[in-house]
A.B. asks: 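There's a structure below that I have some questions on.
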Amino acid sequence: MTALGVSLLRGAVTSPFKRAGGPGATLPTGRAVLPAAPAALAPLAAYRTLCGFTDPETLPLTYPHVLGFPLAMRLMTERSFPLPVLGLVHTWIEITAHRPPRPEDRLELTVYATELTPHRRGTEVTMVTEARCAGETVWESRSGYLSRHAAAGGTAARSRGAIVRAGAPAVAAEAAPPDAPTAGAGLPAVAEWRLPGDLGRRYGAVSGDRNPIHLHPLTARLFGFPRHLAHGMWTVARCLAEAETGAGPGTGTRTRPGTGTGAGTGTGTRPGTGAGTETGAKDRARIRSVRAEFKAPVLLPATVTYAAAGDAFLLRGGDRVHLTGTVVRER
């Protein structure tokens, strides 16, 4: 069993004994570290293909997060971690590459929990992943995970709470306000992707994240979902690959009109008429950072639309927005 599999099993055992939102909750101060090593080329190639990344010179912006996720799961399933890992919802992610990591870089990964934040739907924890090369921080990410539970007093109204930081006293903070209208919901469609039913199993194989909600309708139903879900991090990666290159092979790709079906399992079309021309990665400024927010799960199989304009993008299915995000490009 993989390290991530062991963590999932430990989480299933320990989660029933944890009570989110309890008074005096504290975060562990420990850090999980993966010793410096270059990326394994075969898994990296499989990840690139599945997500649509085409630049062989650098790691995909999302890939160090994939490498560090088993460390995050190890921390979140320890007995000292205050939230039950079962039911945690990945709500947002921020990624910044201070310089583009390369496949040959010997990256040392460090993961730690940094704060607990009151949320109108429960409690949110922020997990940080840092990648260093020869002592220099070259990449980092911050992710929010929400543990849903009844707010104090049984109300979902705005309330005062405390941000609890690892190794630091609590400080007053206000819980997140009710959801604002989805920013960028009117972005123009760029591509339509048809996502196959086995996408979760294929992404699980290349990323190691074999959470049962992503694998099969039967296992997803055990957790209250009508069908299995696409991984949120696949949706982010696929959108970034499209934003970088305007095209890409792999699952959930699209073709230009008039070219037939695309490469890989998933196929799609580009809105508009005529074949047009593609913009390659070399013609676009490299993406240095991204902020993405997960709005609604993608039930598999699915047909989704990638929409973008300027630095903003989103993924939607019909009128339902699944993901919104913004990117910052190198100048």
Side-chain angles (χ1 to χ4, degrees), residues 1-11 32 34 37-55 58-77 85 88-95 97 101 103 107 109 111 127 129 131 139-145 193 195-216 219-220 223 228-242 244 248-253 264-266 290 292 294 297-298 300 302 304 315 322-323 325:
M1 183 178 292
T2 65
L4 188 54
V6 171
S7 294
L8 287 171
L9 181 59
R10 184 168 61 241
L34 187 66
L41 296 183
L44 173 59
Y47 179 85
R48 280 191 177 122
T49 299
L50 191 65
C51 299
F53 291 103
T54 59
D55 183 2
T58 63
L59 292 181
L61 186 62
T62 48
Y63 198 62
H65 177 88
V66 172
L67 297 178
F69 186 66
L71 301 180
M73 283 296 298
R74 184 200 309 172
L75 292 177
M76 291 191 290
T77 56
V85 72
L88 277 184
V89 179
H90 197 180
T91 51
W92 57 271
I93 186 168
E94 295 175 346
I95 302 175
L107 296 181
L109 298 176
V111 179
M127 302 295 295
T129 303
W139 179 101
E140 59 185 312
S141 74
R142 295 169 61 87
S143 286
Y145 296 91
W193 303 324
L195 312 185
D198 67 348
L199 175 58
R201 294 187 291 276
R202 293 178 64 187
Y203 186 81
V206 302
S207 68
D209 183 359
R210 293 182 173 88
N211 188 317
I213 65 173
H214 301 300
L215 302 182
H216 193 275
T219 54
F223 297 89
H228 52 311
L229 319 176
H231 290 74
M233 285 306 300
W234 180 87
T235 65
V236 174
R238 187 65 191 88
C239 287
L240 288 177
E242 185 75 19
E244 284 184 355
T251 301
T253 63
T265 302
V290 62
F294 303 100
V298 179
L300 297 172
V304 295
L315 192 69
H322 299 292
L323 173 77

A.B. asks: If every non-hydrogen atom of T129 is compared with every non-hydrogen atom of G68, which pair is closest and at what distance?
C.D. replies: CG2-CA, 4.5 Å
A.B. asks: Could you check whether any side-chain N or O of S207 sits under 3.5 Å from a backbone N or O of V66, counting only pairs where one atom can act as donor and the other as acceptor?
C.D. replies: no
A.B. asks: Can you say whether the rings of Y47 and F53 are parallel (under 30°), tilted (30 to 60°) or perpendicular (over 60°)?
C.D. replies: parallel
A.B. asks: Donor-acceptor pair, distance only, cut-off 3.5 Å: does the side chain of H228 make one with the backbone of L199?
C.D. replies: no
A.B. asks: CE of M127 to CE of M73: how many Å apart, nearest 0.5 Å?
C.D. replies: 10.0 Å
A.B. asks: If I take atom NE2 from residue H65 and atom CD from residue E94, how far apart are they, to the nearest 0.5 angstrom?
C.D. replies: 12.5 Å
A.B. asks: What's the separation between atom CG in L300 and atom CZ in R201, rounded to the nearest 0.5 Å?
C.D. replies: 9.0 Å
A.B. asks: Does S143 have any side-chain hydrogen bond (donor to acceptor under 3.5 Å, both in side chains) partners at least two apart in sequence or in another chain, and if so, which?
C.D. replies: H90
A.B. asks: With a 4.5 Å heavy-atom cut-off, do W193 and E242 have their side chains touching?
C.D. replies: yes
A.B. asks: Spell out, as yes or no, whether a donor-acceptor pair under 3.5 Å connects the side chain of W92 to the backbone of R142.
C.D. replies: no
A.B. asks: Please name the pair of heavy atoms, one in C51 and one in A241, separated by the smallest distance, quoted to 0.1 Å.
C.D. replies: O-CB, 3.4 Å
A.B. asks: Of all residues at least two apart in sequence or in a different chain, which pass the side-chain contact (heavy atoms from CB on, under 4.5 Å) check with L229?
C.D. replies: I213, H214, F225, P297, L299
A.B. asks: Check side-chain contact (heavy atoms from CB on, under 4.5 Å) between A39 and all other residues, then give those that pass, not counting sequence neighbours.
C.D. replies: L44, L59, Y63
A.B. asks: Would you check, one step at a time, whether the test side-chain contact (heavy atoms from CB on, under 4.5 Å) holds for F294 with L323?
C.D. replies: CA-CA 5 Å; F294 303 100; L323 173 77; 3.7 Å; yes
A.B. asks: Between OG1 of T62 and CD1 of I93, what distance do you get to the nearest 0.5 Å?
C.D. replies: 8.0 Å
A.B. asks: Who pairs with P38 by side-chain contact (heavy atoms from CB on, under 4.5 Å), at least two apart in sequence or on another chain?
C.D. replies: R106
A.B. asks: Output the distance between atom CG (L195) and atom CZ (R202), rounded to the nearest 0.5 Å.
C.D. replies: 11.0 Å
A.B. asks: Suppose we screen for side-chain hydrogen bond (donor to acceptor under 3.5 Å, both in side chains). Which residues come up paired with T235, at least two apart in sequence or across chains?
C.D. replies: none
A.B. asks: What is the distance from atom OG1 of T58 to atom CH2 of W139, rounded to the nearest 0.5 Å?
C.D. replies: 13.5 Å
A.B. asks: Which residues pass the side-chain contact (heavy atoms from CB on, under 4.5 Å) test with L71, sequence neighbours left out?
C.D. replies: A32, L34, R74, L109, V111
A.B. asks: Looking only at heavy atoms, which two atoms of P70 and L67 are closest? And how far apart?
C.D. replies: CD-O, 3.4 Å
A.B. asks: Test side-chain contact (heavy atoms from CB on, under 4.5 Å) on V85 and Y145 and set out the steps.
C.D. replies: CA-CA 9 Å; V85 72; Y145 296 91; over 6 Å; no
